[in-house]
Amino acid sequence: MKADVTTLDAQKAGTVDLDDAIYGLAPRADILHRMVHYQLAKRQMGTHKTKIRSEITGTTKKFVRQKGTGSARHSTRKANLFVGGGRAHGPKPRSHAVGLPKKFRAFALKTALSAKAKAQQLIILDKAESKDGKTNILRQQLDKLGVQSALIIDGAQLDEKFVRAAHNIARIDVLPVQGINVYDILRRDYLLLTKSALTSLEARFK
């Protein structure tokens, strides 16, 4: 599959060959859904906690006599029946992570890349660099490309000035190639890959 390479100034800078095994797969919404669920569940903290009756501070003295009150027989105010008492079967700290095989995760990433390519929302950049790190200049360049919401993936090392320029632009994310993931790809309208990122991805999936 052939794709045009463009610069940040919207000038054509040649063409590249995209591997059909990475960018030409059929859309699979079920695969993407499972992968996004995997990512979001893994990042969930799971630190929610309520106290049970043994953890409540208070006396354990029996506060009513056993018989003669015409009411229920209670032993302590710390029971979950009372206000201020412990909670029965409340949440405890735990991991929400679910398991997915490594091959499945790799396939999901290929599927996300293919989905962007099929929707014509994949742009190949010559390079992602900024001379002066000015946000306004980068915003104008992205406007020329027709991009308002995008994930920009560069090589293993990011250009510091480019990252600084993109930091203050809403809905523009910049990641190194090792940080590429399905959730961030899908949450933005466009995916911008540099030639360096393309090379790294092809090597990753071999």
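In this chain, residues are counted from 1 in sequence order.
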How long is the span from the [atom1] atom in [X] to the [atom2] atom in [Y], to the nearest 0.5 Å?
X: L191; Y: L122; atom1: CG; atom2: CG; result: 5.5 Å
X: H89; Y: N80; atom1: NE2; atom2: CG; result: 7.5 Å
X: Q66; Y: H74; atom1: CD; atom2: NE2; result: 10.5 Å
X: R77; Y: K61; atom1: CZ; atom2: NZ; result: 12.5 Å
X: K131; Y: D159; atom1: NZ; atom2: CG; result: 12.0 Å
X: I180; Y: I153; atom1: CD1; atom2: CD1; result: 4.5 Å

Throw together a table of side-chain donor-acceptor distances under 3.5 angstrom for residues 46-53, partners on residues two or more places apart or in other chains.
residue : atom : partner : partner atom : Å
H48     : NE2  : H96     : NE2          : 3.3
K49     : NZ   : E55     : OE1          : 2.9
K49     : NZ   : E55     : OE2          : 3.4

Inset, instruction - Say whether T194 and D154, considering side chains only, have a donor N or O and an acceptor N or O under 3.5 Å apart. - result: yes

Can you sort out the partners of [X] under side-chain hydrogen bond (donor to acceptor under 3.5 Å, both in side chains), two or more places apart, ordered by chain and number?
X: N168; answer: none
X: D19; answer: none
X: D143; answer: Q148

Inset, instruction - If the plane angle is over 60° it's perpendicular, under 30° parallel, otherwise tilted; pick one for F63 and F82. - result: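 Perpendicular.
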
Could you tell me whether the side chain of [X] and the main chain of [Y] form a donor-acceptor pair under 3.5 Å?
X: D132; Y: S130; value: no
X: R105; Y: L100; value: yes
X: K78; Y: I56; value: yes

Can you give each donor-acceptor pair under 3.5 Å made by side-chain atoms of residues 108-119, sequence neighbours left out, with the distance rounded to 0.1 Å?
residue : atom : partner : partner atom : Å
T111    : OG1  : F107    : O            : 2.8
S114    : OG   : I22     : O            : 2.8
S114    : OG   : G24     : N            : 3.4
S114    : OG   : L25     : N            : 3.0
S114    : OG   : K110    : O            : 2.9
K116    : NZ   : Q121    : OE1          : 3.4
K116    : NZ   : R188    : O            : 2.7
K116    : NZ   : D189    : O            : 2.9

Inset, instruction - Could you check if a side-chain atom of Q141 sits within less than 4.5 angstrom of a side-chain atom of D9, using non-hydrogen atoms only? - result: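 Contact flag for Q141/D9 side chains = yes.
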
Inset, instruction - May I ask you to check whether over 12 heavy atoms, not counting those of Q178, lie within 6.0 Å of atom CD? - result: yes

Atom pairs and distances, donor-acceptor, side-chain atoms in residues 195-206, under 3.5 Å, two or more places apart:
residue : atom : partner : partner atom : Å
T199    : OG1  : K195    : O            : 3.1
S200    : OG   : S196    : O            : 3.2

Legend entry - ring pair (Phe, Tyr, Trp, His ring centres under 6.0 Å) against Y183, all qualifying residues, sequence neighbours excluded: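 Once residues adjacent in sequence are excluded, Y183 has no partner under the ring pair (Phe, Tyr, Trp, His ring centres under 6.0 Å) criterion.
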
Inset, instruction - Write out all pairs satisfying salt bridge (Lys or Arg N to Asp or Glu O under 4.0 Å) with one or both partners inside residues 23-47, taking only residues at least two apart or from two chains. - result: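 Of all non-adjacent pairs touching residues 23-47, those that pass salt bridge (Lys or Arg N to Asp or Glu O under 4.0 Å) are R28-D30.
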
Residues in salt bridge (Lys or Arg N to Asp or Glu O under 4.0 Å) contact with [X], at least two apart in sequence or another chain:
X: K12; result: D4
X: K2; result: D17
X: R164; result: none

Inset, instruction - Determine, stepwise, if the pair N181 / D184 fulfils side-chain contact (heavy atoms from CB on, under 4.5 Å). - result: CA-CA 6 Å; N181 63 88; D184 282 330; 2.8 Å; yes

Inset, instruction - Carefully, step by step, assess V5 and T15 under the rule side-chain contact (heavy atoms from CB on, under 4.5 Å). - result: CA-CA 5 Å; V5 180; T15 59; 5.5 Å; no

Inset, instruction - List the steps, then state whether side-chain contact (heavy atoms from CB on, under 4.5 Å) holds for D126 with Q11. - result: CA-CA 10 Å; D126 181 32; Q11 301 296 322; over 6 Å; no

Legend entry - Residues clustered with V174, ILVMFWY side-chain links under 4.5 angstrom: L8, I123, L125, L138, L142, L145, V147, I152, L158, F162, V163, I169, I172, Y190, L192

Legend entry - Derivation and outcome, side-chain contact (heavy atoms from CB on, under 4.5 Å), residues K144 and Q140: CA-CA 6 Å; K144 289 180 181 179; Q140 292 174 1; 5.6 Å; no

